[in-house]
Amino acid sequence: MTYSVAVSGASGYAGGEILRILAAHPDIDIRTVTAHSNAGQPLVAHQPHLRSLSHLTLQDTTPEILAGHDIVFLALPHGQSGQYTDALTDVGLVIDAGADHRLVSHAAWDAFYGGDFHEPWAYGVPELPTATGKQRANLVGATRIAAPGCNASTVALSLAPGVAAGVIDATDLVAVLAVGPSGAGKSLKPHLLGSEILGSASPYSVGSVHRHIPEVAQALRAAGAADVHLSFTPVIVPMARGILATCSARIAPGVTDADIRGAWEHAYAGETFVQLLPEGVYPRTADVIGANTALMGLHIDRDVNRVTVVTAVDNLVKGTAGAAVQSMNIALDLDEGRALTVNGVAP
């Protein structure tokens, strides 16, 4: 069966990456691409690397244009998806790459985003450990999927195995992330100009104010944490793509080093797209560019009684578009890795 697809926000980074992956998917027919201010222009004027889609023209983003497809991907700024998802009742599968349908808590949405609250959808991180298994089970047959925030899913994947196994203290968590500016979208922002970021590293949303914090806390509670306290600091660095997340947690009383490493080994045994590296080996962002892979290194530091997890992802692939397509494959009962790769691009 071939599924007809529409992608909104197709002129942006996330929309473009969704299109790049779907263009190689044998079960997908990309029929419609939409935008706002760029409507009426050729897709390749904004995504010149997508040569196989040069026949497509950006249309207006309206419910009427998006309706009538088997699958709709929404790659819109936070707070904009809900106005369309409410109207797309005739679409069999809708996948939102924005934040509008990620959070279960209305209070958390009000505190970190504001505006209209929309119902939570199945969370699109299949490998994420939960108290009863994996998030994958909630995606089987799903008709509405919330793709993750790239920083949030990277931190959650890093720490959830320890929470699920009870080997770390979820009330004492620290995450510092080196992130590429593509995660902030394609709209012009002066602080993200090349002249501002080249040769510099710039922290933002320091401490406990980043919008992805409630998403991480929600995922860790689903893994079994009774309470979550997270200090979360992203740092913009001069690389177009990628996240290198360094996450640490206090080790729970009475657990051995074997218990700790075993928790991560058990969580990701057999997973294609989340891989724990051998002891003493740590990933680079260069190893995952273009891949739907999260590579993870683990260090146990008994001097400070903490475990440190270093995880690398491509924020536009495993962090966003790859997670969305992987979740789509599961929902449609296709091979989970269809059109996705574990191989990065080097150098």
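Just so we're clear, the structure is a prediction, and the values are computed from it rather than from any experiment. Residues: numbered from 1 along the sequence shown. Below, each value reflects all heavy atoms present in this structure, side chains not excepted, and no hydrogens, waters or symmetry copies.
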Practice problem: Kindly say whether Gly114 contributes a backbone atom to a donor-acceptor pair with the side chain of Trp109 at under 3.5 angstrom? | Solution: yes

Exercise. I would like to know whether Asn315 and Val179 meet side-chain contact (heavy atoms from CB on, under 4.5 Å); could you show each step before the answer?
Key: CA-CA 8 Å; Asn315 58 294; Val179 302; over 6 Å; no

Quiz item: Can you check whether Val342's main-chain N or O pairs, donor with acceptor, with Thr293's side chain at less than 3.5 Å?
Solution: yes

Self-check item: Approximate separation, where rounding is to 0.5 Å, of Leu173 CG and Ser248 OG
Solution: 8.0 Å

Self-check item: Co-members of Tyr13 in a cluster of I, L, V, M, F, W and Y side chains, linked at under 4.5 Å
Solution: Leu316

Quiz item: For Ile71, does its backbone N or O pair with a side-chain atom of His69 as donor and acceptor, under 3.5 Å?
Solution: no

Self-check item: Backbone of Thr341 reached by a side-chain donor or acceptor of Asn292 within 3.5 Å
Solution: no

Quiz item: Which heavy atom of Glu127 sits nearest a heavy atom of Lys134, and at what distance?
Solution: O-CD, 3.1 Å

Practice problem: Spell out, as yes or no, whether a donor-acceptor pair under 3.5 Å connects the side chain of Asn329 to the backbone of Glu336. | Solution: yes

Exercise. Run through the side-chain heavy atoms of Ile, Leu, Val, Met, Phe, Trp and Tyr, join any pair under 4.5 Å, and report what else lands in Val209's cluster.
Key: none

Quiz item: When rounded to the nearest 0.5 angstrom, what distance separates CG in Asp60 from OG in Ser8?
Solution: 12.5 Å

Practice problem: Take Arg284 and Leu244 through the test side-chain contact (heavy atoms from CB on, under 4.5 Å) and record every step on the way to the result. | Solution: CA-CA 7 Å; Arg284 310 172 303 165; Leu244 189 71; over 6 Å; no

Practice problem: Verify the distance criterion only: is there a donor paired with an acceptor across the side chains of His118 and Thr85 at less than 3.5 Å? | Solution: no

Practice problem: Would you name the heavy atoms of Tyr84 and Thr62 that are closest together and state the gap between them? | Solution: CE2-CA, 4.2 Å

Quiz item: Leu93 and Tyr3: side-chain contact (heavy atoms from CB on, under 4.5 Å), yes or no, with the steps?
Solution: CA-CA 10 Å; Leu93 175 59; Tyr3 298 90; over 6 Å; no

Exercise. Answer with yes or no whether the side chains of Asp227 and His229 bring together a donor and an acceptor at under 3.5 Å.
Key: yes

Self-check item: Thr61 side-chain N/O to Ala35 backbone N/O, donor-acceptor pair under 3.5 Å
Solution: yes

Quiz prompt | Lys186 side chain vs His46 backbone, donor-acceptor pair below 3.5 Å | solution = yes

Quiz item: Of the non-hydrogen atoms in Leu66 and Val72, which two are nearest, and what is the gap between them?
Solution: O-CG2, 3.4 Å

Practice problem: Scan side-chain atoms only and decide if His191 and Ser202 contain a donor-acceptor pair under the 3.5 Å cut-off. | Solution: no

Self-check item: Exercise: identify the closest heavy-atom pair between Pro129 and Ala223
Solution: O-CB, 3.5 Å

Self-check item: Nearest-0.5 Å distance, CD1 of residue Ile30 to OG of residue Ser4
Solution: 11.5 Å

Quiz item: Counting only heavy atoms not in Gln83, do more than 12 fall under 6.0 Å of its CD?
Solution: yes

Exercise. Step through the shown structure and confirm whether more than 12 heavy atoms of other residues, nucleotides or ligands are within 6.0 Å of NE2 on His266.
Key: no

Below 3.5 Å, can you tabulate the donor-acceptor pairs from side chains in residues 139-156 to any protein atom, sequence neighbours excluded?
| unit_1 | atom_1 | unit_2 | atom_2 | d |
| --- | --- | --- | --- | --- |
| Arg144 | NH1 | Val91 | O | 3.1 |
| Arg144 | NH2 | Leu88 | O | 3.0 |
| Arg144 | NH2 | Val91 | O | 3.2 |
| Ser153 | OG | Gly149 | O | 3.2 |
| Ser153 | OG | Cys150 | O | 3.3 |
| Thr154 | OG1 | Cys150 | O | 2.7 |

Quiz item: Are any of the side-chain nitrogens in Asp335 or Arg338 under 4.0 Å away from the carboxylate oxygens of its partner?
Solution: no

Quiz item: For Asp90, does the CG atom sit with more than 12 other heavy atoms under 6.0 Å from it, leaving out its own atoms?
Solution: yes

Exercise. State, without any angle test, whether Asn138 and Gln135 hold a side-chain donor-acceptor pair at a distance under 3.5 Å.
Key: yes

Exercise. Please state whether the rings of Phe232 and His212 are parallel, tilted or perpendicular, taking 30° and 60° as the class boundaries.
Key: perpendicular

Exercise. Please check if the side chain of Gln47 supplies one atom and the backbone of Gly12 the other of a donor-acceptor pair under 3.5 Å.
Key: yes

Quiz item: Just by modelled atom types, is the Gly207 backbone N or O under 3.5 Å from a matching donor or acceptor in the Thr233 side chain?
Solution: yes

Quiz item: Would Glu265 and Leu276 count as a side-chain contact (heavy atoms from CB on, under 4.5 Å) if you check the C-alpha gap in whole Å, the side-chain angles of each, and the deciding distance to 0.1 Å?
Solution: CA-CA 7 Å; Glu265 290 176 341; Leu276 179 66; 3.6 Å; yes

Quiz item: Closest approach of Leu50 and Gly16, non-hydrogen atoms and distance?
Solution: CD1-O, 3.8 Å

Quiz prompt | Geometric class of the Tyr204/His210 ring pair [parallel <30°, tilted 30-60°, perpendicular >60°] | solution = tilted

